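Below: the structure, in structure tokens.
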Amino acid sequence: MKTFSKFITAHAKAIVAIWLVLFIAMVVFAIQLPSKLQGDGFFVEADHSYVINELAKTFDLPADTVLVVFDPAEDKKIQETLQKLGDIKDIHSIQSPLEDASLQKNGIAYAMVHFNNNVENLPEVVKEVRSLIEDDGVSITGGPVISEDINTASQKDLASAEAIGLPIAIVVLLLAFGTVIAAILPIIIGVVTVVTAFGILTLLSGGVNLSIFVLNIVPMLGLALSIDFALLFINRYREERAHTTIAQAIQTAIQTAGRSIIFSAVCVMIGLGAMIVIDVEIFHNIALGGTIVVLLAVVSGLTLLPATMILVGDRLNKWRILRVKPGGANRWRGFAGFVMKRPVTIVIVALLLLGIGMIPLKDIRLTIPQVDSLPTKYDARAAYDKLDETFGLGETSTLYLLAERKKGWEDEEARNIIYTIQEQLLDDPLVDKVSTIYTTANIKTPEELSASLEIPQAAQQLKSVLNAFSKDTQLFIPITLNVAGSSTAAQEFARLWMDKDLGVDFALGGQAKFNQEIFDEIASKIFLAVLIIIVSTFFILMLAFRSVLIPIKAIIMNIIGLSSAFGILVYIFQYGHFGIEAGSIVLIIPVIVFCLVFGLSMDYEVFLISRIQEEYLKGSDNTRATIDGLTSTSRIITSAALIMIVITGAFAFTDVMPVKQIGVGIAVAVALDATIIRLMLVPSLMKLFGDWNWWLPFAKKNK
């Protein structure tokens, strides 16, 4: 680090110039990112996607459908609207309520607009549909429309969160540093980091599918970490500048605070990287985007920031608004002394508070986000709710059974297999309807079907029906369930049927199967991801602090803190408090919050323990080192935590529910970590364990 720090101070102008050129280039690409994002990231390469693709390719079933809602249902308006839509080249077919009475009820009607399977830019097609149906009483909804609205909402969410978070962050930085220049510089570093990350993601989007939630996660993480790193760095620089030159102070800050920043970032990236083992697209997206922005936060924090500070010099203290005492203020030393005198009491109180937060966790209910990700003010949500209330769209669901038979499906044995599968399905209490050649042609038995096929006129009609359900070696059977596809019962149905022996190879597709695959993939891999994070973090902290007990304590305290945060999340979003409508917790939230916060919280562990270790190695005893370390870092940890809470918590005021829950989850977890855990539990346990804190088997004494 010494050589690196000297290089930075010697080439400050060149480093700033390179970053400036890079930033300008990345701005050009960054503004294109929203148009490159598609879908919500809930995708796993398994049976559901295989079945849907095969049905689209082999049986020409449309993969995407938009619902056009008419309220009130007026024949003239319906006819005019559908005529306009007929001119769109990408439309496969339209089911009109004027031809299908089941699409009209209680003065409301809807048309089903099916799209070709090879549509290259579905969001643009959705915009075209929306522009053509602009009229009172006409609206659109459905999967593609909801995805497009979530993308739009995500962009608005980002703007509104920044409008809330950044001004408050500046105030926190002013309180921490007292001068305008020192307060603005971390914000500039954060913006450069996020914009550069957006630019890189745009360049990667050609080969990687990126979900719309990347637009919120990357700036949430990038701004918070960049500002936190800058806060730590500038604080350490100021301590050194009090008794040395600018260049020497920068070099010392790089060698000390820079080391803490690198270890912190590595812990965060481990949490992000662990998500890759869960084979769901959104986790891969967050791992990719998060790793890029965290890496850039480290690089900008250790190159652009110190280089800029070299050029700014003592003007860093220009435009002073507040007089901030350097180092540890008396109140923090008093607080540290209070904690160290009553370690047992503090530990009991801290664990009691965290335990109370855990209580609601027993009731946690996880779901995959559907249309309820959008607020009711969006037309797509309002239109869907209207259809659901009138037609009960969410009360039933459809599964597709796709079977493969090498001999095809036209011989007598095949007809018997179809009938057997049909009867097994109809015997299940969750099945309302099964569509096969028997139910469609109103034929009761395989014998009756065989007899009918002997009649030439009937055979021609029956074969056309059979061909609608089978092509070459493949057969598909639509199954209507009397429960919602998002229900636990529907998922269990999919699991149960995939284990059955039907005499042929088969796969299932549909919402219930999709949900089951997402749930099962996360459930089967989450413990591996957690194990990777815990083991990796343990060894990194053990090497960093040459201690066994410190990483063990950090891991246990993190798990306790996160459990308490999840309980509070249930209290807010599932029970419905603080103006939030009672609902459920989005399935991905515990995974994302755990993986992110486990790494983020290590920032404060590294900040605090690094300073304690520094004092300990200088010759202080464990108690004195802990007091000095807590005194010198408490203000900066509190400020850093406030920055993190403000930046992530600002997303609590956004519209998209998964983003809202992620923002609140991270903010709550960080608040608990930076207060109860880092300022109470950590120093208390450091006191109780004494010199054992620094024990490492087979190693020389630290002192």
Side-chain angles (χ1 to χ4, degrees), residues 256-257 259-260 262-264 266-267 270 328 332-355 530-531 533-564 598-634 636-637 672-703:
T256 54
R259 177 176 175 271
S260 298
I262 291 171
F263 273 115
S264 300
V266 169
C267 289
I270 286 170
W332 285 116
R333 185 168 293 279
F335 173 78
F338 175 83
V339 171
M340 299 299 282
K341 288 177 182 177
R342 303 166 181 82
V344 176
T345 303
I346 296 293
V347 168
I348 292 171
V349 171
L351 291 177
L352 183 63
L353 291 173
L354 294 172
V530 169
L531 184 64
I533 293 172
I534 289 175
V535 173
S536 301
T537 301
F538 172 81
F539 282 108
I540 286 172
L541 292 182
M542 185 181 71
L543 292 173
F545 300 119
R546 298 184 61 77
S547 166
V548 170
L549 280 177
I550 286 175
I552 290 175
K553 288 187 298 178
I555 289 167
I556 292 173
M557 286 186 290
N558 266 14
I559 292 173
I560 293 172
L562 281 164
S563 299
S564 187
F598 202 94
L600 290 173
S601 62
M602 287 303 170
D603 281 358
Y604 311 123
E605 180 77 8
V606 171
F607 293 172
L608 175 58
I609 301 298
S610 291
R611 289 309 301 272
I612 294 175
Q613 184 188 42
E614 205 174 309
E615 298 302 321
Y616 186 75
L617 293 176
K618 286 179 181 177
S620 298
D621 61 29
N622 180 74
T623 300
R624 174 54 56 189
T626 303
I627 291 175
D628 290 344
L630 188 62
T631 300
S632 62
T633 60
S634 291
I636 216 66
I637 287 177
L672 292 176
D673 186 88
T675 54
I676 297 176
I677 292 177
R678 218 53 60 192
L679 298 182
M680 295 172 66
L681 269 179
V682 170
S684 297
L685 292 174
M686 290 293 291
K687 169 67 174 180
L688 290 174
F689 283 101
D691 287 336
W692 282 102
N693 286 299
W694 311 104
W695 176 71
L696 182 67
F698 313 112
K700 294 180 180 179
K701 291 185 70 175
N702 290 317
K703 294 179 68 175

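These numbers were taken from a predicted model, which means no experiment stands behind them. Heavy-atom basis, side chains included; hydrogens, waters and symmetry copies ignored.
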*Mind checking salt bridge (charged side-chain N to carboxylate O under 4.0 Å, His left out) for Arg259 and listing every partner two or more places apart, or none if nothing turns up?*
none

*Distance (rounded to the nearest 0.5 Å) between Ile346 CD1 and Leu688 CG*: 10.5 Å

*Separation of Ile552 CD1 from Ile555 CD1 (nearest 0.5 Å)*: 7.5 Å

*So does Arg624 have more than 12 non-hydrogen atoms from other groups sitting under 6.0 Å from CZ?*
no

_Nearest-0.5 Å distance, CG of residue Leu681 to OG1 of residue Thr675_ = 10.0 Å

*Do Phe689 and Ile550 come within less than 4.5 Å of each other through their side chains, counting heavy atoms only?*
no

*At what distance, to the nearest 0.5 angstrom, does CG of Leu617 lie from CD1 of Ile612?*
12.0 Å

*Check whether any side-chain heavy atom of Ile559 sits under 4.5 Å from a side-chain heavy atom of Ile534, and report yes or no.*
yes

_Please report the interatomic distance SG(Cys267) to CD1(Ile262), rounded to the nearest 0.5 Å._
12.0 Å

*Taking atom CG of Leu562 and atom CG of Asp673, what is their separation to the nearest 0.5 Å?*
8.0 Å

*Less than 4.5 Å apart, any side-chain heavy atom of Ile677 and any of Leu354?*
yes

*Taking all atoms of both residues into account, what is the closest heavy-atom pair of Ser564 and Leu353, and its distance?*
OG-O, 4.5 Å

*Any residue meeting side-chain contact (heavy atoms from CB on, under 4.5 Å) with Thr623, in chain and number order, not counting sequence neighbours*: Met340, Asp621, Ile627, Lys687

*Side chain proximity check, Val682 to Lys553, heavy atoms < 4.5 angstrom*: no

